[in-house]
Amino acid sequence: MTKHPKKLLVIVAEAALEKALAQLAMDLGAHGYTVHDVRGAGAAGAREGTWEADRTIEMKVICTAEVADRIGDAVLAAYGDHYGVSMFFADVSVLRDDKY
């Protein structure tokens, strides 16, 4: 089995940003993404998702390290100052390199 190293970029953000984040990721070289509705709490308080403006998403993008860095930089520049956005990176391995 041949494994190929990639980066997993996880973006946790206000649901209102979903379409813009998806377009940004694709424009910057991602081949795809996955989005989930999530809930949680942290230093900024709780987001329970009980009403539309309180919804939060988790977007996962598996791509090259360069693409992940471009997306992360662009998300921070465009949305970091005015929206609830958290991001993290992880090393992953994939089996079908051409898909990512």
Side-chain angles (χ1 to χ4, degrees):
M1 179 180 315
T2 303
K3 298 176 185 174
H4 305 276
K6 298 291 179 187
K7 286 290 180 192
L8 168 64
L9 169 59
V10 178
I11 304 167
V12 180
E14 297 175 33
L17 296 178
E18 180 176 346
K19 288 183 182 180
L21 293 173
Q23 187 65 54
L24 183 67
M26 298 301 283
D27 288 349
L28 293 175
H31 293 184
Y33 58 89
T34 302
V35 176
H36 301 277
D37 288 311
V38 296
R39 290 168 297 287
R47 293 188 58 91
E48 298 174 354
T50 54
W51 56 295
E52 188 63 28
D54 192 42
R55 290 182 47 242
T56 303
I57 59 158
E58 179 181 81
M59 176 178 283
K60 296 178 181 176
V61 180
I62 298 174
C63 53
T64 65
E66 295 79 17
V67 170
D69 286 348
R70 281 198 306 261
I71 295 169
D73 285 341
V75 169
L76 281 181
Y79 305 109
D81 289 341
H82 302 290
Y83 292 89
V85 177
S86 297
M87 289 184 280
F88 63 89
F89 300 83
D91 294 324
V92 297
S93 296
V94 300
L95 298 179
R96 298 189 297 174
D97 190 43
D98 59 318
K99 301 287 277 181
Y100 304 94

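Along the sequence shown, residues are numbered consecutively beginning with 1.
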Partners passing salt bridge (Lys or Arg N to Asp or Glu O under 4.0 Å) against Glu66 (at least two apart in sequence or in another chain)
none
Minimal non-hydrogen separation, Arg70 against Gly29, with atom names
NH2-CA, 4.4 Å
For Ala68 and Cys63, work out which heavy atoms get closest and say how close.
N-SG, 3.5 Å
Would the number of heavy atoms belonging to other residues, nucleotides or ligands and lying under 6.0 Å from NE2 of His36 be above 12?
yes
Which residues pass the side chain to side chain contact (heavy atoms under 4.5 Å, CB included) test with Val92, sequence neighbours left out?
Lys6, Leu8, Ile62
Taking side chain to side chain contact (heavy atoms under 4.5 Å, CB included) as the definition, give me every residue that meets it alongside His31, ordered by chain and number, with sequence neighbours left out.
none
Residues sharing Met87's hydrophobic cluster, by side-chain heavy-atom contacts under 4.5 Å among ILVMFWY, directly or via others?
Leu9, Ile11, Leu17, Leu21, Leu24, Met26, Leu28, Tyr33, Val35, Ile57, Met59, Val61, Val67, Ile71, Val75, Leu76, Tyr79, Tyr83, Val85, Phe89
What residues join Met1 in its hydrophobic cluster, counting side-chain heavy atom gaps under 4.5 Å, either direct or through other members?
Leu95
Between NE2 on residue His4 and OG1 on residue Thr2, distance to nearest 0.5 Å
5.5 Å
Which residue pairs pass the salt bridge (charged side-chain N to carboxylate O under 4.0 Å, His left out) test when at least one of the two sits in residues 83-93, sequence neighbours left out?
Lys7-Asp91
